[in-house]
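Structure first, commentary second.
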Amino acid sequence: MNTFEFSLAGAKLAGRSGILELMDDMGHALAGDPEMRMLGGGNPASVPAFETLVRERMSELLADGDVLERMLLNYDPPQGNPRFLRAFAALLQREFGWDVSPKNIAITNGSQSALFDLFNLLGGRFPGGRAKKILLPLAPEYIGYADQGLEPDLFVTCRPGIEWPQGRDGHVFKYTIDFSAVEAALAGGNIGAIAASRPTNPSGNVLTDPEVAHLSALAAAHGIPLILDHAYGTPFPGILFVPAKPFWAPHAILVLSLSKLGLPGTRTAIVIAPEAIASAVSSLTAVIGLANGTIGQQLILPWVESGQILQFGPQLIRPFYAARSLAAAGWAREYFNAAGLDWALHANEGTFFHWLWLKNLRLSSRQLYERLKARKVLTVPGDYFFFGLADDWPHRHQCLRLNFSRAPETVRAGYQIIAEEAAQASHGS
Ligand SMILES: Cc1ncc(COP(=O)(O)O)c(C=O)c1O
C-alpha cells in the first residue's frame, strides 16, 4: 500500500479524533446494527408533529417547479441566499430588537463548519509570532470542538464549580462557571475569543443569564468576541427546560443550526456576528466549499418570514424532549438505585442528553463504554469532553453521556444494562 505524507495541519485534522470515532460508531449502528441500543451520538429524534410540517413543506416545494429549479440549479452566494438573509435579519430585529442587518449573517454547511471557521479565524498563530487560544469557560464542553484547531492546543478550558441543587443525596448536580479561573486565563492576554455551547453538550447545563452577561462583559473588556453555540438553544430549536433569555451584543457571535430541530441532513447553520466576522466566514465558505447547500434555507424560508419558526421549540420540540427526559430520569432512579450505585445526573436543563456521574467507578469511563458496547448499548465516554484542561481530574473519567431521545423501550433497556455493568465496575456495590 502507498504511504503518503500529510502536512502538519493535514495530519492533525486527519488523525483519529473523538468526533470521528463518535460519528463512526453512530453511523455504523444506525446503518447496520439494529440490535445496538443507540444512546450515543447526537442524532435528534424523529418528532412526528415537526416531520409532518417538513413533509408538507417539501410537497409545496416540489409542486412549485420554479422554486424547485431555482433551489437546485443555482449556486447561492457564499454568504447565503439573499432573500433568506434579509428574512432572518428582519426576524431578529422584529422579535428581539437586535441591531442586525443581513451583513451580520452568514450561512454555513452546518454549525460544525461554522465553529471550525470561527475558532481558526480567532485562534491560532498571528502576525509577529503571537499565538491566541479559544477560552472555553466551562469543561466539559462539546467533543466536536476538540480537534478543530489547525494549530495544536487551541483550547484553554476551565474546571467548573459543582453545586447540589437538591442537597448531596439528591442525585442531581450542576456545573457553574468558576469566574476566578476564567479571569486568570484571560489575564495572560493570549485569548482570541470566549466560546460556550448553551445548552451545553454534553452536560445539559444552561449557562444562567447572569453567567452569560458576566462572560459578555469580560469579553468586551478584553476586546474579543463571545461565541455562543445555540445548537440546542434559543431561538430554535429551543430544547431548553429552564428559562434562558436569547442573548445578543455587538461583540457576540451566535451560531444557530437546523440540525437539532430535526434537519441535520440539510447541513444548514446560521452565524450572527459582527460584519467583519460574518464576511470572513463567507470568504471561508467560498474557499473551502464554494457555496452552501440551498435546501435548508428554502425549506424554512416561509417559517422565517412568518416568524412561525419561533413556535416550533415551545409547541413541538421542547415538549417532546421534556417528556423523554422525565421518563429517562425515572429509569435512572429506578435502576441505578436498585443497583446500589453512587450516581448523579447533571440537572437536565436542556439538550437531549443525560450526563451521568458514577463516583465509585473502578474502571475508566472509556473501559465502561467498551463493556457497554459489547452488550449492545452505545454511549459516549465522558473523558472526551474535558479537552483543554491543564490538570488531570478524576471526575473526567467518571462520566458517560447518554442520548435519551430514542424509542422509550430502547432507552429503558439501555439504562438497565448501564446499571448492571456500572455496578460490576464500581467499588463497594
Ligand atoms: C453543541 C453542538 N454544536 C454544534 C454541533 C454541530 O451540529 P451541526 O453541524 O449539525 O449543525 C453539535 C452537534 O451535535 C453540537 O452538539
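Counting starts at 1 for both ligands and their atoms, in listed order. Heavy-atom basis, side chains included; hydrogens, waters and symmetry copies ignored.
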In terms of residue, atom name and distance, what is the protein heavy atom nearest to [atom]?
| atom | value |
| --- | --- |
| atom 13 (C) of ligand 1 | Lys260 NZ, 3.1 Å |
| atom 1 (C) of ligand 1 | Asp229 OD2, 3.3 Å |
| atom 10 (O) of ligand 1 | Ser259 OG, 2.6 Å |

Original post:
Hey, does the side chain of Gln297 reach the backbone of Gly293 with a donor-acceptor pair shorter than 3.5 angstrom?
Top reply: yes

Original post:
Are the side chain of Asn104 and the backbone N or O of Ser101 linked by a donor-acceptor pair below 3.5 Å?
Top reply: yes

Original post:
When His171 is tested against each of Trp343, Phe336, Trp357 for ring pair (Phe, Tyr, Trp, His ring centres under 6.0 Å), which residue passes?
Top reply: Trp343

Run the numbers for me: atoms of ligand 1, each under 4.0 Å from some heavy atom of [X], listed by number.
| X | value |
| --- | --- |
| Gly110 | 9 (O), 11 (O) |
| Arg267 | 8 (P), 9 (O), 10 (O) |
| Tyr232 | 1 (C), 14 (O), 15 (C), 16 (O) |
| Ser111 | 4 (C), 5 (C), 6 (C), 7 (O), 8 (P), 9 (O), 11 (O) |
| Asn201 | 1 (C), 15 (C), 16 (O) |

Original post:
How far does CG of Asp229 sit from CG of Leu115, to the nearest 0.5 angstrom?
Top reply: 5.0 Å

Original post:
Does atom CZ of Phe126 have more than 12 heavy-atom neighbours, drawn from other residues, nucleotides or ligands, at distances under 6.0 Å?
Top reply: yes

Subject >> Qualifying residue, where the test is side chain to side chain contact (heavy atoms under 4.5 Å, CB included) with Leu135 and the options are Thr157, Val182, Leu226 >> reply: Val182

Original post:
So is Ser257 close enough to ligand 1, meaning a heavy atom under 4.0 angstrom away?
Top reply: yes

Subject >> Contact partition for Ala231 relative to ligand 1, non-hydrogen atoms under 4.0 Å >> reply: side chain

Subject >> Test item: Leu254 and Ile270 side chains (from C-beta on) under 4.5 Å apart, heavy atoms >> reply: no

